[in-house]
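Some notes on the structure that comes next.
Ligands are counted one by one from 1 in listed order, and the atoms in each one are counted from 1 as well. FYI, the numbering just counts along the sequence from 1. Everything quoted here is computed from the prediction, not taken from an experiment.
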Amino acid sequence: MPKIQKIGILTSGGDSPGMNAAIRAVVRTGIYEGLDVFGIYRGYEGLIDGLIEPMTSSSVSNIIQRGGTILKTARSERFKTKEGRQKAYDIICQFKLNALVVIGGNGTFTGASVFDKEFDFPIIGLPGTIDNDLYGTDSTIGYDTAINTAVEAADKIRDTATSHERLFFIEVMGRDAGFIALRTGIAAGAEFILVPETTTYINNLARLLKHDWRKNKTSGLVIVAEGDDAGGAYKIAEKVKEQLPEMDTRVTVLGHIQRGGSPSAYDRVLASTLGHASVGALLEGHRGEMVGQVDKKIVYTPFEKAIKYNKDINHQMLEMSRILAL
Ligand code: F6P
């Protein structure tokens, strides 16, 4: 294996606040270690197309506080094909890159894992997704900021829900995971939190809502993870309304607002720590692994495990949220 001298960095998949802080950390640590660092634009798409530029310390000035990713991102269909990956490898050879740092989520690591196996090429991953659905890190880069954004929005909706005595269904992101919904729900004091990790029974939900209203409530929030098994917020609201026509219901889908914005201090520190550690990991010979943080310690998790060993949500917290909302 050639000595690592030139590394490429890219962001891929859905962007997340803190990706820029991670890029900054990789670039500056790489330069400190005497490496040449190249920025690859538009994720794996840009790797295939050779959208690559050398990065200097000043290329990453003034970005730690910025949301999004200065390197841009994409969900690459071409990288899922053998031809696409071959083109990417040809570009890697052309630029004489010895290793890559990829920042992203499940799709990004799946691609990295296949690529490493095909071309025997060192890649280290950093968990960059608002969903927090990667095993091997307590928190992914962007998750904390996304929750804070969602909570701020939920608080505002609470004001109008209370004034109008309405029941709001608020949909948060999380295609396959309920982490954002759970934390947002607890922090916003939601009456119900619906997540893909548990089965949602509409009859049960309607019965409990009726009970709450009979007792003392006149308004409320139901936080729905976008990937809930009973459907999104619109569908669930419709089904509940069928059973409780007397209730004044409304739906808000928070959508991509959750992916943007200046990263929280927590996400900046996490991204800086993991970005810094990723360069050290490569120099120590790590590859095919995601660098994460568990119990404040840096841990390395093979890509396959990070993707497939789905971490479960905390069911006790889910139960607690209901008690606290009674
Ligand atoms: O993976 C992060 C995520 O924000 C998911 O929560 C969401 O389902 C998805 O990306 C949306 O992706 P896109 O922006 O490509 O529609």
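Among all non-hydrogen protein atoms, the one lying nearest atom 16 (O) of ligand 1 is His256 NE2, 3.7 Å. What sits closest to atom 2 (C) of ligand 1 on the protein, heavy atoms only, is Asp131 OD2, 3.4 Å. Residue, atom and distance of the protein heavy atom nearest to atom 11 (C) of ligand 1 are Arg259 NH1, 3.5 Å. Scanning all protein heavy atoms for the shortest distance to atom 13 (P) of ligand 1 gives Arg75 NH2, 3.6 Å. Of the protein's non-hydrogen atoms, Glu226 OE1, 3.4 Å is the one closest to atom 7 (C) of ligand 1.
In this structure, the side chain of Thr137 engages the main chain of Gln293 through a donor-acceptor pair within 3.5 Å.
Side-chain polar atoms of Thr145 and Asp267 form a donor-acceptor pair below 3.5 angstrom. With hydrogens and angles left out, the side-chain atoms of Ser76 and Glu45 include a donor and acceptor closer than 3.5 Å. Using modelled atom types and a 3.5 Å distance limit, the side chains of Ser264 and Asp144 yield a donor-acceptor pair.
A heavy-atom separation below 4.0 Å is found between Gly174 and ligand 1.
Aromatic ring centres of Tyr234 and Phe169 lie farther apart than the 6.0 Å criterion allows.
Other residues, nucleotides and ligands place more than 12 heavy atoms under 6.0 Å from the NZ atom of Lys311.
Taking every heavy atom of Met173 and a limit of under 4.0 angstrom, the matching atoms of ligand 1 come to 4 (O), 6 (O).
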